[in-house]
Amino acid sequence: MSGSILVVSGPSGSGKTSLAKKLLDIVANCYFSISTTTRKPRDGEEDGVDYHFISKDQFLSEIDDGCFLEWAEVHGNFYGTSFRPIEKALAENKIVVLDIDVQGHKTLREKFPKLVTSVFITTKNMSVLKQRLSSRNTETKEILEQRVINAISEMRSIGEYDYFLINDDFNETLEALTAIATASKFKQSLIDNDSFIKSWKI
Ligand code: 5GP
């Protein structure tokens, strides 16, 4: 495998998904991983585009079949990254962009320490996060409150990430994320030093 992995995490409402998807229009050779979830689709979400929406029973049987590279329970629902498409994209030398939570990041770091570059994206404060979540109008009040509580606990993992962005201005944050994605392709750890030296000596 020779591609790289760019993990984008942060609280729901931080804008990370929009930023990560926009990256595909700007940085060549990116592959956005579509996760599988047991969460119900929101208005406007499409199966196979935003997520693969499946039942809890199906999800549990996919875990048993070893279909997931990583999976986690987030906000009371299951979310997972399928193994096969990631393996294929890495073999095609792509930058695999994963919009996953802090647990997923931890798992991938352990599995692929040399391939992973990670970015934590958040808002400048909790009030802005609350505003963004409520203006999305996609969740009930209870779910919204749950997401804000989870945001606080997710923020405790910031120190595990390579980069940290405050998404105040979308275009500025996108510019920074583009720079990080571009630099991630040149990580020294992506190179097998011994074989490079062998080929360099001719
Ligand atoms: P949402 O329900 O708002 O789409 O996503 C909730 C959270 O689940 C977000 O933090 C998102 O990054 C995370 N998430 C989405 N897909 C995956 C996945 O495949 N694995 C993990 N670990 N987290 C995911």
Side-chain angles (χ1 to χ4, degrees), residues 5-24 31-56 58-60 62-63 65-87 89-90 96-112 116-123 126 129-158 160-161 163-165 167 173 177:
I5 296 173
L6 181 67
V7 173
V8 179
S9 303
S12 303
S14 62
K16 65 182 189 303
T17 309
S18 310
L19 286 159
K21 286 192 169 164
K22 195 77 189 148
L23 201 56
L24 307 192
Y31 168 83
F32 186 83
S33 163
I34 300 171
S35 296
T36 299
T37 184
T38 60
R39 167 167 78 62
K40 296 275 171 290
R42 296 182 185 126
D43 281 350
E45 281 186 332
E46 264 182 70
D47 186 35
V49 175
D50 298 286
Y51 281 106
H52 301 290
F53 295 99
I54 64 173
S55 68
K56 193 172 170 186
Q58 260 176 294
F59 197 99
L60 295 175
E62 291 200 12
I63 293 175
D65 294 342
C67 296
F68 296 121
L69 197 55
E70 65 76 33
W71 64 271
E73 194 176 348
V74 190
H75 313 311
N77 295 301
F78 289 100
Y79 296 83
T81 305
S82 295
F83 190 79
R84 284 274 159 75
I86 304 300
E87 190 180 41
L90 287 175
V96 177
V97 181
L98 296 165
D99 167 1
I100 57 175
D101 85 320
V102 296
Q103 305 169 76
H105 169 245
K106 209 172 241 175
T107 308
L108 281 177
R109 271 255 171 231
E110 280 162 19
K111 286 191 175 166
F112 303 108
V116 171
T117 298
S118 62
V119 194
F120 192 97
I121 302 179
T122 188
T123 53
M126 202 170 74
L129 187 77
K130 279 183 183 166
Q131 256 168 26
R132 286 199 193 154
L133 280 173
S134 53
S135 66
R136 258 187 357 192
N137 228 357
T138 50
E139 327 288 351
T140 62
K141 199 162 172 275
E142 292 73 35
I143 293 181
L144 203 143
E145 274 163 16
Q146 181 66 52
R147 286 184 176 238
V148 173
I149 292 166
N150 288 353
I152 298 164
S153 90
E154 281 182 311
M155 303 277 283
R156 296 202 179 95
S157 301
I158 286 174
E160 294 162 18
Y161 285 74
Y163 296 97
F164 172 66
L165 298 176
N167 180 22
T173 314
L177 186 61

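For ligands, and for the atoms within them, numbers begin at 1 and follow the listed sequence.
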Any donor-acceptor N or O pair under 3.5 Å, side chains T17, D99: yes
Part of E73 with heavy atoms under 4.0 Å of ligand 1, whether side chain, backbone, both or neither: neither
Option with minimal heavy-atom separation from atom 23 (N) of ligand 1, where the choices are T81, D50, D101: D101
What are the two closest non-hydrogen atoms of [X] and [Y], and how far apart are they?
X	Y	answer
S9	V7	OG-CG1, 3.7 Å
F53	P41	CE2-CA, 3.5 Å
P85	Y31	CB-OH, 3.2 Å
I34	Y51	CG2-CA, 3.6 Å
A20	V8	CB-CG2, 4.4 Å
S135	R132	OG-O, 3.1 Å

Any residue meeting salt bridge (Lys or Arg N to Asp or Glu O under 4.0 Å) with K111, in chain and number order, not counting sequence neighbours: none
Results of salt bridge (Lys or Arg N to Asp or Glu O under 4.0 Å) for E160 - residues two or more places apart only: K106
Which ligand 1 atoms, with their elements, are less than 4.0 angstrom from a heavy-atom of [X]?
X	answer
G104	22 (N)
A72	22 (N)
S12	3 (O)
G80	18 (C), 19 (O)
H75	6 (C)
V74	7 (C), 8 (O)
K16	9 (C), 10 (O), 12 (O)
R39	1 (P), 2 (O), 4 (O)

Residue-ligand contact H105/ligand 1, heavy atom below 4.0 Å: no
Y51 to ligand 1, any heavy atom closer than 4.0 Å: yes
Of all the non-hydrogen atoms in the protein, which one sits nearest to [atom], and at what distance?
atom	result
atom 16 (N) of ligand 1	S35 OG, 3.0 Å
atom 11 (C) of ligand 1	D99 OD1, 3.7 Å
atom 3 (O) of ligand 1	R147 NH1, 2.6 Å

Check: N167 side chain, S14 main-chain N or O, donor-acceptor pair, under 3.5 Å: yes
Given Q146, R147, E154, the one that forms side-chain hydrogen bond (donor to acceptor under 3.5 Å, both in side chains) with N150: Q146
Going by distance only, is there an N or O of [X] that falls short of 3.5 Å from an N or O of ligand 1?
X	value
E70	yes
Q103	no
T36	no
Y79	yes

Parallel, tilted or perpendicular: rings of Y161 and F120 (30°, 60°): perpendicular
